[in-house]
Amino acid sequence: MQRERIALVLTNGTPGTITTVCGWVRSKREAKNFAFLVLGDGSTQDTLQVIVDVDTQPFSQLAQCNTGAAISVRGVLRESPGKGQKVELLAQELTVFGGADPETYPLQKKGHTLEFLREIGHLRPRSNTFGAVFRVRNTLAYAVHEFFQNRGFIWAHTPIITANDCEGAGELFTVTNFDLNALPKDDKGQVDYRKDFFGKRTHLTVSGQLEGEFMAMAMGSIYTFGPTFRAENSNTTRHLAEFWMIEPEMAFADLADDAQLAEEFLRAMCAAVVKHCPQELEFLEKQYKTITVAEIAKLAESPFTRITYTDAVAELSRAKQKFEFPVSWGLDLQSEHERYLTDTVYKGPVIVTDYPEQIKAFYMRMNDDGKTVAAMDVLAPRIGEIIGGSQREERLPLLEQRMAAMNIPTADLQWYLDLRRFGSAPHAGFGLGFERLVQYLTGMGNIRDVIACPRAPQLVAF
Ligand code: 4AD
Ligand code: MG
C-alpha cells in the first residue's frame with residue numbers, strides 16, 4: 001500500500017502534489033458544503049487536516065468516518081490557511097478500512113484520565129499522551145545504541161533465562177515446565193529441580209551484569225539492552241515487574257570512569273530527546289507541567305553533583321525536614337532521602353558513591369577503608385535512583401571472602417570466579433532502568449505509563 005507518513009507530509013509536503021495518507025480519524029466536523037477530518041497516523045504528534053467537499057466520493061463516505069475509524073485518503077496538498085500547519089489535504093478519494101462505533105469506542109475527542117486510559121491499554125497508544133511517550137521512548141532506545149556504538153561498545157545479548165541471582169535479593173520468577181500439580185520431590189521433600197527442563201532451578205534474569213562481565217573481559221567494553229524481571233512486591237509509581245535495562249560494562253575501568261560514563265550517557269539522552277522530539281516534549285510539558293523542555297536542554301549541558309554516601313548521610317542529618325525513615329550511617333537511603341538530595345539540596349541529578357558494604361551487592365569492590373564499596377547510584381529529581389553501578393571486585397580472595405560473608409553459594413558461580421583467576425583486571429559498569437529514564441524525561445508520574453504492557457503485582461492485562 002503506497003502511503004506517505006503524516007510526519008513527512010507536514011515537514012516536506014509541497015502544495016499542489018498528490019499524496020495518499022492512512023490513519024485513524026481523531027475528529028470530524030461537518031458543515032453544509034464540506035467537512036473537516038483530523039487524521040493521525042502515529043508518526044508525529046501533529047495531525048493532518050483533511051478537507052472533504054460536498055458532491056465528491058469522499059463526502060459519501062463521511063458517515064463512517066467517526067473518531068477512531070481507520071481510513072486512507074488520496075488527495076491534493078494545499079497551503080493551509082489555519083495557523084500552525086503548512087499544508088492540508090483536499091480529499092479526492094477516501095476508503096474506510098474499519099469504522100468505530102461512536103457509542104462504544106472508548107477514546108473520544110475529549111481528554112481522558114490516565115487511570116481510565118490504563119484500563120484500555122490496547123487503545124491508549126492512540127491518545128496524544130501515549131503517542132508522545134512512545135515516540136520519546138523510541139528516540140531514547142535508538143539514542144542508547146548510538147551513544148554506545150559511537151564509543152566502540154559492543155552490544156552483548158545476555159540471556160533472559162538464567163541460573164544466577166545477580167543481585168542476590170531473591171526477587172526471582174522461576175522458569176519451569178513442571179506440572180505444578182505433580183511436582184517431583186527429593187528425599188528431603190523439596191522440589192527436585194534436577195528433573196526440570198534445565199536440570200537445575202532457573203528463573204527470569206534480574207540483570208545481565210554477570211554475563212556482561214565475562215563478555216567485557218574479552219571484548220573490552222560492552223553494553224546490554226534487554227528486559228529484566230523482578231518479583232518485587234512493590235506497588236509504587238517507580239517499580240515494574242518487567243522492565244528494560246541498559247548495562248554497560250568496561251574492562252580496565254574504575255569507579256571514576258564509571259561515573260563519568262553514566263553522566264555523559266544521561267546528558268546525551270537529554271540532548272537526543274530535545275533534538276528529535278521537540279513537539280512531544282512541548283506537548284507533555286503543557287499537559288503535565290512536570291518537566292520543561294528548557295530544563296531538559298539545561299540538563300544536557302550541566303555537570304552532575306558528586307558526593308559520597310557518608311557526606312550524603314551528613315547532609316540528610318542536617319535537614320530540617322522530617323523523614324519517615326531513619327537516617328544513620330549504614331542504613332540504605334530511602335526514596336524520600338534521595339529526593340531530598342536531588343529536589344531540595346542540589347536541584348539536579350546527584351551521583352552518590354562509596355556505600356557501606358553491607359547494603360550493596362556481593363560483586364562490588366571493597367574500598368581501602370574496609371567499610372565501603374566502590375558503588376554508585378545516580379539519583380534523578382522526582383525519580384530517585386535511576387542508575388545503580390559499581391567497580392567490580394576483581395581480586396579473587398576478596399571476592400570469595402565477600403561472597404562467604406553474604407552467604408552467596410559459590411558452587412554455581414565458579415565461571416564468575418574464573419574471570420578473577422584468568423586475566424583478571426579492574427572493571428566497572430552500571431545499570432540504567434530504561435523506564436525510569438523515560439519517566440524522568442517525559443514527566444509522567446507513573447512508570448506504568450511509559451511502557452506499552454506494564455507488569456506489576458496483580459497486573460497483566462494482555
Ligand atoms: O540497582 P540495580 O538493582 O543494579 C543492577 O541490577 C546492577 N546489576 C546493574 C549493573 O551494575 N550492571 O538496578 C539498576 C537500575 C536501577 O537503578 C533502576 O533504575 C532500575 O534498574 N530498576 C527498576 N526499574 C523499574 N522497576 C524496578 N522494579 C526496578 N528495579 C531496578
Ligand atoms: Mg540499585
Side-chain angles (χ1 to χ4, degrees), residues 5-7 10-11 23-24 26-27 38-48 84-85 107-144 236-240 243-244 266-302 339 342-343 347-349 379-384 386 432-454:
R5 285 192 169 67
I6 289 177
L10 291 175
T11 46
W24 292 268
R26 291 298 190 86
S27 65
V38 174
L39 200 63
D41 71 354
S43 64
T44 161
Q45 197 66 29
D46 275 338
T47 45
L48 180 68
Q85 48 182 257
L107 278 179
Q108 292 304 325
K109 202 186 154 221
K110 70 172 177 77
H112 296 289
T113 64
L114 292 171
E115 288 74 20
F116 172 77
L117 291 170
R118 236 170 265 150
E119 278 164 26
I120 45 161
H122 57 298
L123 296 173
R124 69 179 184 170
R126 299 186 192 183
S127 67
N128 283 325
T129 291
F130 286 91
V133 167
F134 293 136
R135 276 186 300 277
V136 170
R137 185 182 167 110
N138 168 65
T139 291
L140 285 169
Y142 191 73
V144 165
T236 78
T237 54
R238 309 179 314 125
H239 288 88
L240 290 166
F243 61 98
W244 287 62
L266 283 179
R267 285 169 57 178
M269 295 306 102
C270 294
V273 286
V274 169
K275 181 167 176 203
H276 298 293
C277 299
Q279 288 169 309
E280 283 77 7
L281 296 184
E282 274 160 33
F283 171 82
L284 293 164
E285 170 180 339
K286 236 170 69 207
Q287 192 75 12
Y288 299 103
K289 302 182 175 63
T290 10
I291 191 162
T292 67
V293 189
E295 279 162 353
I296 301 173
K298 189 165 157 245
L299 271 172
E301 304 290 325
S302 324
R339 288 204 340 228
T342 52
D343 297 28
K347 300 196 187 333
L379 313 179
R382 283 186 294 111
I383 306 292
I386 195 165
L432 165 80
F434 187 56
E435 283 74 19
R436 292 205 183 158
L437 174 70
V438 181
Q439 198 186 351
Y440 181 36
L441 297 181
T442 55
M444 297 303 283
N446 194 324
I447 198 165
R448 298 176 189 192
D449 294 337
V450 299
I451 184 164
C453 306

Check: Is there a side chain to side chain contact (heavy atoms under 4.5 Å, CB included) between Trp244 and Val438 once you walk through the steps?
Finding: CA-CA 11 Å; Trp244 287 62; Val438 181; over 6 Å; no

Next item on the list: Applying side chain to side chain donor-acceptor pair (under 3.5 Å), run through Arg238 and Gln439 and close with a yes or a no.
Entry: CA-CA 9 Å; Arg238 309 179 314 125; Gln439 198 186 351; over 6 Å; no

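Atom CZ of residue Phe434 and atom CG of residue Leu240 lie 12.5 Å apart, to the nearest 0.5 angstrom. Within the model, atoms OG1 of Thr342 and CZ of Arg382 stand 9.5 Å from one another, a figure rounded to the nearest 0.5 Å. The CZ atom of Arg137 sits 13.0 Å away from atom SG of Cys277, with the distance rounded to the nearest 0.5 Å. Between the CG atom in Leu107 and the CZ atom in Arg124 there is a gap of 11.5 Å [rounded to 0.5 Å]. Rounding to the nearest 0.5 Å gives a distance of 6.5 Å between CD of Gln85 and CG of Asp46. A distance of 10.0 Å separates CZ of Phe243 from CG of Leu432, quoted to the nearest 0.5 Å.
Between Leu299 and Pro349, the closest side-chain pair of non-hydrogen atoms falls below 4.5 Å. Using a 4.5 Å heavy-atom cutoff, the side chains of Thr129 and Asp449 are not in contact. In this structure, the side chains of Leu117 and Ser127 come closer than 4.5 Å at one or more pairs of heavy atoms. Counting heavy atoms from C-beta on, the side chains of Asn446 and Arg118 come closer than 4.5 Å. Side-chain atoms of Thr236 and Ile447, non-hydrogen and from C-beta on, never get closer than 4.5 Å to each other. Residues Val450 and Arg436 have side chains not in contact (no heavy-atom distance under 4.5 Å, counting atoms from C-beta outward).
Of the candidates Asn128, Leu39, Val38, Val38 is the only one forming a side chain to side chain contact (heavy atoms under 4.5 Å, CB included) with Thr47. Among Leu114, Ile291, Val136, the one residue that satisfies the side chain to side chain contact (heavy atoms under 4.5 Å, CB included) test with Met444 is Leu114.
The nearest pair of heavy atoms linking Gly443 to Thr290 is O-OG1, 2.7 Å. Heavy atoms only, all atoms of each residue included: Ser302 and Lys298 are closest at OG-O, 2.5 Å. Annotation for Gln45 and Gly131: closest pair OE1-C, 4.4 Å, computed over non-hydrogen atoms. Among all heavy-atom pairs drawn from Ala271 and Ala300, the shortest one is N-CB, 3.8 Å. In this structure, Ala452 and Pro454 approach most closely via the heavy-atom pair O-CD, 3.4 Å.
Neither side chain, Tyr288 nor Thr442, offers a donor N or O lying under 3.5 Å from an acceptor on the other.
Not a single donor-acceptor pair under 3.5 Å links the side chain of Arg448 to the backbone N or O of Thr237.
Contacts classified as salt bridge (Lys or Arg N to Asp or Glu O under 4.0 Å) and involving residues 269-279 (residues at least two apart or in different chains) are not found.
With sequence neighbours excluded, the residues that form a side chain to side chain contact (heavy atoms under 4.5 Å, CB included) with Ser43 are Arg5, Ile6, Ala7, Asp41.
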